[in-house]
Structures are given as structure tokens and as C-alpha cells.
Asker: 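Encoded as C-alpha cells, here's the structure I'll be asking about.
One-based numbering, in listed order, for ligands and for the atoms of each. Since this is a predicted model, take the numbers as computed values, not measurements.
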Amino acid sequence: MAAGIDDIAIYIPRLYVDAADFADGRGVDPAKLQKGLGVSQMAMVDTNQDPACLAANACLRIMQKNKLSPEDIGRLYVSTESSFDESKAMNSYVVGMLEQVYGQGTFEHCGGVETKFACVSGSYALYDNANWIRAGESDDKAALVVVSDIAKYDMGSSGEMTQGAGAVVMLLNDNPRLLAFDPKVTATSIKDEYDFYRPFGKETPIVHGQYSNLLYLIQVRKALDLYKEKSLNTGLIKLKPGETILDHIDYFNMHLPYSNMGKKALAYMVRREWRQLPRWNDIIKKIGVAEPTPKDPRGTIESVLGDAEFMAKDHEFTKLFTETSEFQEIYETKLASSLIASKMIGNLYTASLYLGFRSSLEFEYQKEMDLDGKRVGFGSYGSGSSAMVFSGVIMPEYASVVKDMNLESEIGPRRKLTLEEYEIIHESKLAPEQSMLNPKKEFILVDVKTDDESRGERRYAYNT
Ligand code: HMG
């Protein structure tokens, strides 16, 4: 039985910080954000929004757009790493909000959990729900998988340049209009690591930035190796001499903590695949320098990062490689459209990969590309750490859904924050009722109780 993504909806908060203002305030060259990281704007939550509100707003949009009633939904999963309760799952808040619109008890039949594994957990949730459908357990009902996060780093830290917020919801069923997952090829890797983590009670993560960059690449490559093995063994992909598996993937979507990480990841994967092929000789001739190797090629991530000479040479080699017409072609045709939304919005942790997919669909459609039957590869990464690589094929009916996608109108009119306003919100100095915006037809956070009896209880309203 087929299983896949029938539709996607997004909810992005309308407040944002402009990269140039941010750079100015922190004394950083704006080009570092705009060109170095690929960050133009970072979406910020208002004082009356939390990740549950973002998730519920996205769910309401997809349900209204597809005229779904709660009876049509069998499972509602929320994946997040911005949880505010150690026990009560974010799903329950989301269901509570949706029932304000659809009626109390209307989601009672529905199951689901909150899943956590940094940014990769949404991919595990998609996989589990796709398998629920494939197993014939869904009783003709659909699943909603919503990925929702607020990427917030300490003020003054290097991560602060890569913040963002938003939710993406995917409607899964057995007759998807957008994308059917390829069966039996989903591949994972996992390793106990401390590249990025958020201990209990701490609002912002502890981050080892450069370590996390390299670990992301290594973990995704390990998952890709397994994907390769599985897709060759199952016969999904058949390689001719001189080909790589990447030649058979028409579009790539990578986890995007900042948009340029997508390009870094693509370059890393392509280099490692092409290195084994005759075409690499031509690339090396073009670049004019040999590919550098670390002093200790079997060393740890720390030893590689500590090998300053190798790091500098490798940086230069990567730069020259990404400038070749061969790489540029892959980048422009297979990846670039997925990066557009990330530049405008920032890191959405669990939702970043899927915002990228959504972006790729909209902007490739605008280029009048025929997407029917195209294979899309996904590279998901979550710190701590785990990666998942999987793929799917775009369905013939995709255009009926994609034609209405419009990022700008779906975000709505945005309000730029001054750096002062941003800092006040970042430091949580304002109460929900002191919000900057008062959006209509959206769920908002009303208050969080502080008395001993009901501490942490959250009240939400649908703002009519
Ligand atoms: P940094 O170390 O300050 O930046 O912070 P940098 O020195 O690496 O510079 C960034 C890029 O800007 C480089 O480009 C520079 O060359 C360039 P690259 O060499 O990589 O191509 N640059 C400039 N370009 C033009 N003009 C200039 C200029 N100056 C520099 N003047 C870092 C970067 C990502 C480490 C930091 O922002 C950070 O710690 N971010 C948070 C962690 C993160 O995003 N890690 C990514 C991988 S881990 C992951 O994705 C998981 C995550 O999403 C969490 C989860 O799973 O839950 C984070």
C-alpha cells in the first residue's frame, strides 16, 4: 500500500528580525549572515505564542484548506524540541485548541504522541505514521504530523545568528497527491553525542557549533551509505558503470539550521560519491589542487577540527569544488529552490527540512518544471545525534496542490522588530497580553498559571 504526503501547510509567526539590523547590533559583518550563513530574516514568536500555538495554527490551516473534519484524522503527532512540559504531550494542547473550533471531544478517537530527537524527530514521526498506513491500520483515516519549534539561542552566542520559529504540518494518507515514500529504503544512523543539547530547565541549548556542523555531515553520510545499500538491494535504483546513487535523485532536501548548511551538505555528499568515479579526475584537473586529507584520517572529529592546516586547505578545496560548473548544475537544479524559505525564516529545528521541501515544490513549480515522477531525497539530522535518509516520488496530481502554494501570502504581512524589541521578547520580559500583534482567526496563548496547585497550566484562545 502506498503512503505519503498529501498536503502541507505552514504557520510562521509574523514578527521577524532583519539580518542586517541584527549584524549591526552585534558588530558583525552583515555579509557573514547573508552570504556566509544564508540568513536574511529570522522569524520570531510574539509574547502570546508558543510552539503548541504554532502547531495548532498549522493544523487548523491544513484542515480548513482540505475541508477535513476531526473524523477524517486518525493520528495527530507533534514533533518538537521546544517542549514546555516533561510529561504532558504537546499533542494534548494542540487537540485542546482544535476542539475550540471543532467542538469538545471531536478528536477523542485520535491517537498520537509528542516525539523528541532534536531536529530529526519529525522524520521518525513521518516514518512511523507512513508505516501505520502501510500496515492497513489506519481505517481509511489520515495522519497529521506536525513539526513545530522555536529555535532560540543565548544572546551574544554564535548560534543567535541562526534563530527562527514556525510549524509545518503534513497530511499523510494512502493516496497522496504530493509524494509517495519509497518503501524499504529508509536509513538511519545514531550515536551518543554532545554537539547540541538542552538540559532540563534550560531555555536555550548548549552548542558546540563547528563540531555540530561536521557531525551533521558525518551522520548524514552514514545514513546515506545505508540508504544506498538498501536502494540497490531492493532494486529501487539500478546503477550503470560510472554512476552514483545521487544521479538518480532529482531533488535534495536537507535539514537547514541555516540555508547554507544545505549547500555544505550537498557538497560533502557529492564529493564523497564522485571521488570513487572516473568523473572525479576531470574535477581535480579543473580545480588544480589535490584533495587534502587530514593528518590523521582515522582520527576523531576533534582531531580533524584541531588540524588547522587541513581545515584551511579543505575549506579552500570545497570553495573551488562548489564553484565548478558540475557542482553548480547540481546545486541549481536539485537544491537551490529548497533554500529560499529558510533564508526568509531561519532555523525551525524539526520543521526546517519540511519547510525546505515545501519551498522546493513552490519554487520549482514557478520555474515551470514538470515534477511528476521525480525522486526527492531527504537528509534529516538531529543533534545528539541521529540522521535519517529516505526518499519519495512526486505524484501525478501534485500540481493541483502546489499551484496554490505561496509562501509570502501564507506567512502574511510581517512586522520587522527593532533590535531593542527583539531583545525584550528574547529575554521574556513581556506577558502574553503585551503582544506586538493581535492576529485574528488564530490560536493565541492567554496565560500560564503560576500558583502551586496549577503551575504550568496553559490557557489558549481562538482569537475571532
Ligand atoms: P561561526 O562559527 O561564528 O561562523 O558560527 P563561521 O566562522 O563558521 O562562519 C560562518 C560562515 O560565514 C562561513 O562560511 C564563513 O566563511 C562565512 P563557510 O566557510 O562555512 O562556507 N563568513 C563570511 N562570509 C562573508 N563575509 C564575511 C564572513 N565572515 C564569515 N564577513 C555556526 C556558525 C553555525 C557554528 C553558529 O551559528 C552556530 O553555532 N549555530 C548553531 C548550531 C548549528 O546551527 N549547527 C549546525 C549543524 S547541527 C544542526 O543542524 C542541528 C541543529 O539544528 C539542532 C538540532 O538538531 O536540534 C542546530
Side-chain angles (χ1 to χ4, degrees), residues 19-20 22-24 26-40 42 51 79-83 115-124 147-166 189-191 193-198 204-220 254-268 301 305 308 311-323 327 331 339 342 345-356 379-388:
F22 178 87
D24 194 34
R26 293 284 175 271
V28 177
D29 184 350
K32 176 168 177 178
L33 276 86
Q34 289 157 345
K35 293 212 173 76
L37 295 165
V39 175
S40 298
M42 296 184 274
S79 303
T80 186
E81 57 176 299
S82 315
S83 211
T115 68
K116 175 173 75 181
F117 202 139
C119 302
V120 74
S121 68
S123 304
Y124 280 97
V147 278
S148 179
D149 266 308
I150 298 173
K152 179 171 178 173
Y153 293 85
D154 284 336
M155 241 157 58
S157 68
S158 64
E160 198 193 5
M161 296 175 279
T162 61
Q163 300 183 106
S189 68
I190 193 162
K191 188 158 186 269
E193 285 282 2
Y194 277 100
D195 56 327
F196 167 112
Y197 60 104
R198 186 165 69 86
T204 48
I206 295 170
V207 191
H208 305 293
Q210 297 304 340
Y211 189 93
S212 73
N213 276 343
L214 187 52
L215 186 62
Y216 167 126
L217 300 174
I218 292 170
Q219 290 293 70
V220 172
M254 304 304 302
H255 167 53
L256 300 174
Y258 47 92
S259 78
N260 280 8
M261 189 69 205
K263 190 173 183 181
K264 261 186 204 285
L266 182 68
Y268 188 88
I301 296 181
L305 290 171
M311 289 302 289
K313 282 189 180 161
D314 195 64
H315 189 260
E316 185 54 23
F317 184 89
T318 305
K319 190 166 164 283
L320 295 170
F321 173 57
T322 53
E323 283 165 5
F327 179 80
Y331 171 75
L339 309 182
S342 168
I345 295 164
N347 193 0
L348 305 186
Y349 289 159
T350 50
S352 293
L353 174 65
Y354 300 102
L355 181 71
S380 190
Y381 175 70
S383 288
S385 70
S386 177
M388 185 185 276

Asker: Quick one: which of G38, P257, P205, A387 has a heavy atom closest to atom 44 (O) of ligand 1?
Answerer: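 Of the listed residues, P257 has the closest heavy atom.
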Asker: Return the minimal non-hydrogen interatomic distance between K263 and T322, and the atom names on each side.
Answerer: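 That closest heavy-atom pairing would be CE-CB, 4.4 Å.
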Asker: Report all side-chain donor-acceptor pairs from residues 148-155 shorter than 3.5 Å, counting only partners two or more places apart or in another chain.
Answerer:
| unit_1 | atom_1 | unit_2 | atom_2 | d |
| --- | --- | --- | --- | --- |
| S148 | OG | P51 | O | 2.7 |
| D149 | OD1 | T80 | OG1 | 3.0 |
| D149 | OD1 | E81 | N | 2.9 |
| D149 | OD1 | S82 | N | 3.0 |
| D149 | OD1 | S82 | OG | 2.4 |
| D149 | OD2 | E81 | N | 3.4 |
| D149 | OD2 | T350 | N | 3.1 |
| D149 | OD2 | T350 | OG1 | 2.6 |
| K152 | NZ | E203 | OE1 | 3.3 |
| K152 | NZ | E203 | OE2 | 3.2 |
| K152 | NZ | H426 | O | 2.5 |
| D154 | OD1 | T204 | OG1 | 2.5 |

Asker: Pairs of nitrogen or oxygen atoms closer than 3.5 Å, one from E81 and one from ligand 1: do any exist?
Answerer: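 N/O-N/O distance below 3.5 Å exists for this pair.
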Asker: I need the atoms of ligand 1 closer than 4.0 Å to a non-hydrogen atom of L37, numbered in the order shown.
Answerer: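 This gives 10 (C) as the contact atoms.
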Asker: Tell me which part of K319 gets within contact of ligand 1: side chain, backbone, both or neither, using heavy atoms under 4.0 Å.
Answerer: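 None of K319 does.
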Asker: Of all the non-hydrogen atoms in the protein, which one sits nearest to atom 51 (C) of ligand 1, and at what distance?
Answerer: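 Result: S383 OG, 3.2 Å.
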Asker: Can you report which non-hydrogen protein atom sits closest to atom 23 (C) of ligand 1, along with the distance?
Answerer: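 Ranking protein heavy atoms by distance from atom 23 (C) of ligand 1, first comes K32 CA, 3.7 Å.
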Asker: Between ligand 1 and C119, is the shortest N or O to N or O distance under 3.5 Å?
Answerer: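 Among all N and O atoms of C119, at least one is under 3.5 Å from an N or O of ligand 1.
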Asker: Which atoms of ligand 1 have any heavy atom of T162 under 4.0 Å away?
Answerer: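 Taking each heavy atom of T162 in turn, ligand 1 has 37 (O), 40 (N), 41 (C) under 4.0 Å.
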Asker: Heavy atoms only, cut-off 4.0 Å: how does N347 contact ligand 1, side chain, backbone, both, or neither?
Answerer: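 Within the 4.0 Å criterion, N347 contacts ligand 1 through side-chain atoms alone.
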Asker: Quick one: nearest non-hydrogen protein atom to atom 46 (C) of ligand 1, plus distance?
Answerer: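 Protein heavy atom with the smallest distance to atom 46 (C) of ligand 1: N213 OD1, 3.2 Å.
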Asker: With side chain to side chain donor-acceptor pair (under 3.5 Å) as the test, pick out the partner of D195 among Y381, Y211, Y216.
Answerer: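 Exactly one candidate clears the test, Y381.
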Asker: Given 3.5 Å as the limit, does a donor-acceptor pair link the side chain of S342 with the main chain of L339, or not?
Answerer: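 Pair absent, no side-chain N/O of S342 close to backbone of L339.
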Asker: With no hydrogens and no angle check, is any side-chain donor or acceptor of N260 less than 3.5 Å from a backbone partner on G36?
Answerer: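 Judged by distance alone, yes, a pair lies under 3.5 Å.
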Asker: Keeping Q219 on the side-chain end and L215 on the backbone end, is there a donor-acceptor pair under 3.5 Å?
Answerer: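 It does not hold such a pair.
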Asker: Suppose we measure from atom 38 (C) of ligand 1 to each protein heavy atom; which comes out shortest, and what is that distance?
Answerer: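 For this ligand atom, the closest protein heavy atom is G159 CA, 3.7 Å.
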Asker: Counting distance only, does the side-chain N/O of S380 pair as donor-acceptor with the main-chain N or O of A387 below 3.5 Å?
Answerer: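 No.
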Asker: Can you tell me how far apart OH (Y268) and CG (L217) are? Round to the nearest 0.5 Å.
Answerer: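 It is 6.0 Å, given to the nearest 0.5 Å.
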Asker: State whether the side chain of Y124 and the backbone N or O of F117 hold a donor-acceptor pair below 3.5 Å, judged by distance alone.
Answerer: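 Not a single qualifying donor-acceptor pair exists.
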Asker: Closest by any non-hydrogen atom to atom 19 (O) of ligand 1: pick that one out of E160, E316, H208, H315.
Answerer: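 Residue with the shortest heavy-atom distance to the ligand atom: H315.
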Asker: May I ask whether atom 15 (C) of ligand 1 is less than 4.0 Å from at least one protein heavy atom?
Answerer: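 It does not: no protein heavy atom is found less than 4.0 Å away from atom 15 (C) of ligand 1.
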Asker: Considering only non-hydrogen protein atoms, determine which one is nearest to atom 31 (N) of ligand 1 and report residue, atom name and distance to 0.1 Å.
Answerer: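 Protein heavy atom with the smallest distance to atom 31 (N) of ligand 1: D29 OD2, 2.9 Å.
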Asker: Any idea which protein heavy atom is nearest atom 34 (C) of ligand 1, and the distance to it?
Answerer: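 Residue, atom and distance for the closest contact: Y258 CE2, 3.4 Å.
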Asker: Which atoms of ligand 1 are found less than 4.0 Å from any heavy atom of K264?
Answerer: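 Near K264, the atoms of ligand 1 are 18 (P), 20 (O).
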Asker: My understanding is that we take every heavy atom of each candidate and find the minimum distance to atom 36 (C) of ligand 1. Doing that for S158, G36, G209, which one comes out nearest?
Answerer: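 Minimum heavy-atom distance to atom 36 (C) of ligand 1 goes to S158.
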Asker: Using the rule side chain to side chain donor-acceptor pair (under 3.5 Å), only one of N347, T162, N213 pairs with Y258; which is it?
Answerer: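 When side chain to side chain donor-acceptor pair (under 3.5 Å) is applied between Y258 and each of N347, T162, N213, only N213 qualifies.
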Asker: Given A31, G382, S212, identify the one with the heavy atom nearest to atom 25 (C) of ligand 1.
Answerer: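 Of the listed residues, A31 has the closest heavy atom.
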Asker: As a test of understanding, state which of S383, S352, S123 forms a side chain to side chain contact (heavy atoms under 4.5 Å, CB included) with H255.
Answerer: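 Only one of S383, S352, S123 forms a side chain to side chain contact (heavy atoms under 4.5 Å, CB included) with H255, namely S352.
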Asker: When rounded to the nearest 0.5 angstrom, what distance separates CD1 in I345 from CG in L355?
Answerer: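 I345 CD1 to L355 CG: 4.5 Å, rounded to 0.5 Å.
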Asker: Any chance you could measure K116, atom NZ, to R198, atom CZ, to the nearest 0.5 Å?
Answerer: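 Those atoms lie 8.0 Å apart.
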Asker: Which residue supplies the protein heavy atom nearest to atom 6 (P) of ligand 1, what is that atom called, and how far is it?
Answerer: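 For atom 6 (P) of ligand 1, the nearest protein heavy atom comes out as Q210 NE2, 3.8 Å.
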Asker: Any atoms of ligand 1 less than 4.0 Å from a non-hydrogen atom of A118? List them with their elements.
Answerer: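 Under 4.0 Å from A118, ligand 1 has these atoms: 55 (C), 56 (O), 57 (O).
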Asker: Atom 42 (C) of ligand 1: which protein heavy atom is closest, and how many Å away?
Answerer: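 Result for atom 42 (C) of ligand 1: V207 CG1, 3.6 Å.
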